[in-house]
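We use all heavy atoms of the structure for the numbers below, so side chains are in, but hydrogens, waters and symmetry mates are not.
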Amino acid sequence: MPPLLLPLAPEQTYARDLDGLYAPWQGAALSAPQVLRLNRPLAAELGLDADAVAALDSAAGALLLTGAMAPEQGTPLAMAYAGHQFGGFSPLLGDGRAMLLGEVVDTAGRRRDVHLKGSGRTPFSRGGDGKAALGPVLREYLMGEAMHALGIPTTRALAAVTTGESVQRDEPEVGAVLARVAASHLRVGTLQLFASRGQTEDVRRVADFAIARHDPDLLDLPAETGERYVALLTRVRDRQAALVASWMAVGFVHGVLNTDNVTLSGETIDYGPCAFVDAYDPAAVFSSIDTGGRYAFGQQPGITQWNLARLAESMLPLLVPAAQREDQDAQVAAAVGVLDGFPAVYAREWTARMRAKLGLSPELDEDERDQALATELHELMQAQGLDLTRTNRSLSAVVRGDSELLRAECTDLAAVDTWLDAYATRSARETRPPEERAAAMDAVNPVYVPRNRLVDEAIIEARGGDMQAFDRLLDVLEDPFTERPGLEAYAQPAPDSFGPFVTYCGT
């Protein structure tokens, strides 16, 4: 195989350091896979020049990107982990239809995983066929690139590759593999696997691996006192608080926030039954299996704290000095000291994002008023069924002196005028010129997000062999903050005739 196909690092740290957390593996044999779409900008980030990109976008590249051919370097493997799924603990999950192809050190010096989703059965498949259908692969491609363009930490698609085979779901569908890139695939469930078996030293090994990968400065802290691991738990808490605050700011609903879908890196991972809200609604649920609303839009901060508590449980013996290793009260106290800080960290992150959206300066020390303004705006949206994205975008027009865009969306004008009066009173304290404020707001309030109907339309057409709608939508989502003539349909919520939107986990 030509060495230019993918610059996998000679040193594969997951395979080297985390024995017991994977099975060496290779993808299913395929006769005629084809690269359907290759993310060339991301390939360049990974260090591929034009010749290497061309090689990757070839028949040999398709074999590599589906796992059907092993790379010259790298150690392909299926990762093992545990996890709480809808509140119930599964002691062994793992990559049931995926594999870690290898690790790349990108042009910025960051080590990143290259992971294949839909590459065939593994020892962790639990009765599944290990394959993926084209629709979910393209959904994850679109969603990941949209989130990246919105500035939200995320795994990203390197390629969508058709396998040349059909997969049986409700009906036969085109088979596909998603090649994705991540800072790592370490999850809360990764530590839960060893913790559930009482293997404390293996938990420590995973924690140290995570620190070396994501927080190397913490290696200077002593391990024997527990300080290093309390610091890791705190970092993960803060990253997750920031991530979920970003989701809430743009209306993203993950849909399946099980502990095996919560990364230690703070990246969004596993775009299964995900969606974006049109009308602001904290109770919004799109997943067909979330019948109880456990992972509803407004529940995401709380469930994230719950998931972090499961991480803390897995790390309990590491959080205290060796002399207190059997002192459960001391362990719990150390964990609670971190977990109890989540609401304040989340509130800080959420307030920062709301301030930016409202064009308010943090230097004015108006925390309570700014939080109240944002909360009241969301209550207004909910009461009047206002579109989250369009409402937020209209706020820069208000700062420019035109409130009619916002008022035109409302049915209760008295309520919106009351809010506008409060907003004007707060805005009067701002020292920045209105145009400067408005421009800054337009840089954080997108015009375009992955509207559910548009994503569905693009996927339906792609299943029929027409990628034009997918390519147009991807182009729009890659520049979400710039309003462009002719793209008005991409900024509109779904019509009433679209009906309730439902997403599915199955691939």
Side-chain angles (χ1 to χ4, degrees), residues 13-14 16-21 79-84 87-93 184-244 257-260 262-266 301-349:
T13 60
Y14 199 100
R16 182 195 67 195
D17 296 339
L18 294 181
D19 59 287
L21 277 172
M79 293 180 282
Y81 43 85
H84 279 84
F89 184 66
S90 296
L92 180 60
L93 295 170
S184 82
H185 285 77
L186 298 170
R187 315 152 189 262
V188 171
T190 309
L191 280 83
Q192 286 184 291
L193 179 67
F194 282 142
S196 67
R197 299 171 178 178
Q199 298 173 222
T200 299
E201 289 310 307
D202 286 320
V203 174
R204 183 190 305 278
R205 183 160 55 96
V206 177
D208 283 337
F209 181 88
I211 290 169
R213 185 76 171 258
H214 300 300
D215 302 285
D217 60 301
L218 299 186
L219 292 173
D220 294 334
L221 298 177
E224 61 275 8
T225 65
E227 186 177 355
R228 177 187 298 178
Y229 306 109
V230 170
L232 172 63
L233 182 60
T234 303
R235 290 277 179 90
V236 177
R237 177 200 70 186
D238 293 354
R239 285 194 285 262
Q240 283 294 326
L243 178 65
V244 177
L257 272 180
N258 297 327
T259 59
D260 57 301
V262 177
T263 61
L264 304 189
S265 67
I303 202 64
T304 297
Q305 186 175 14
W306 189 92
N307 288 333
L308 289 169
R310 308 290 76 77
L311 174 62
E313 287 173 353
S314 299
M315 298 175 65
L316 281 176
L318 308 184
L319 303 178
V320 295
Q324 295 180 298
R325 202 60 47 80
E326 304 301 322
D327 187 342
Q328 291 187 349
D329 289 342
Q331 295 173 18
V332 170
V336 168
V338 177
L339 295 171
D340 279 357
F342 179 87
V345 176
Y346 173 77
R348 182 184 70 223
E349 296 287 351

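Between the CG atom of L243 and the CG atom of D238 there is a distance of 12.5 Å, given to the nearest 0.5 Å. To the nearest 0.5 angstrom, Q199 atom CD is 7.5 Å from L193 atom CG. Summarising the geometry, atom CZ belonging to R187 is positioned 4.0 Å from atom OH belonging to Y81; distances are rounded to the nearest 0.5 Å. Here the CG-CG distance, from L318 to L191, works out to 8.0 Å after rounding to the nearest 0.5 Å. If you take CG on L232 and CG on L319, they are separated by 9.0 Å, rounding to the nearest 0.5 Å. In this structure, the separation between CG on L233 and CG on L308 is 7.0 Å, given to the nearest 0.5 Å.
Applying the ring-ring contact (aromatic ring centres under 6.0 Å, His included) criterion to H214, with sequence neighbours excluded, gives no partner residue. A search for side-chain hydrogen bond (donor to acceptor under 3.5 Å, both in side chains) contacts involving Q240 returns nothing, not counting sequence neighbours. In this structure, E224 has no salt bridge (Lys or Arg N to Asp or Glu O under 4.0 Å) partners at least two apart in sequence or on a different chain. D260 meets the side-chain hydrogen bond (donor to acceptor under 3.5 Å, both in side chains) test with no other residue; sequence neighbours excluded. Shown here are the salt bridge (Lys or Arg N to Asp or Glu O under 4.0 Å) partners of D215, two or more places apart in sequence or in another chain: R235, R239. Every residue two or more places apart in sequence or in another chain was checked for a side-chain hydrogen bond (donor to acceptor under 3.5 Å, both in side chains) with T225, and none qualifies. With sequence neighbours left out, the side-chain hydrogen bond (donor to acceptor under 3.5 Å, both in side chains) criterion links D220 to no other residue.
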Kindly determine whether L311 and L264 satisfy side chain to side chain contact (heavy atoms under 4.5 Å, CB included), including the steps that lead there.
CA-CA 10 Å; L311 174 62; L264 304 189; 4.2 Å; yes
Side chain to side chain contact (heavy atoms under 4.5 Å, CB included) between L18 and V206: does it pass, once the steps are laid out?
CA-CA 7 Å; L18 294 181; V206 177; 4.1 Å; yes
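The stretch residues 306-340 participates, sequence neighbours left out, in these ring-ring contact (aromatic ring centres under 6.0 Å, His included) pairs: H84-W306. Sorted by first and then second residue, the salt bridge (charged side-chain N to carboxylate O under 4.0 Å, His left out) pairs involving residues 202-213 (not counting sequence neighbours) are D19-R205, D113-R213, E201-R204, D202-R205, D208-R228. For residues 313-334, the side chain to side chain donor-acceptor pair (under 3.5 Å) pairs, not counting sequence neighbours, are R310-E313.
Under the 4.5 Å side-chain criterion, counting only non-hydrogen atoms from C-beta, M79 is in contact with Y14.
Heavy-atom minimum distance, A82 versus S90: CB-O, 3.4 Å. For the residue pair A223 and Y229, the shortest heavy atom distance occurs at CB-OH, 3.5 Å.
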Scan the side chains in residues 333-348 for donor-acceptor partners under 3.5 Å anywhere in the protein, sequence neighbours excluded, and list what turns up.
none

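In this structure a side-chain-to-backbone donor-acceptor pair under 3.5 Å is present from N307 to L257.
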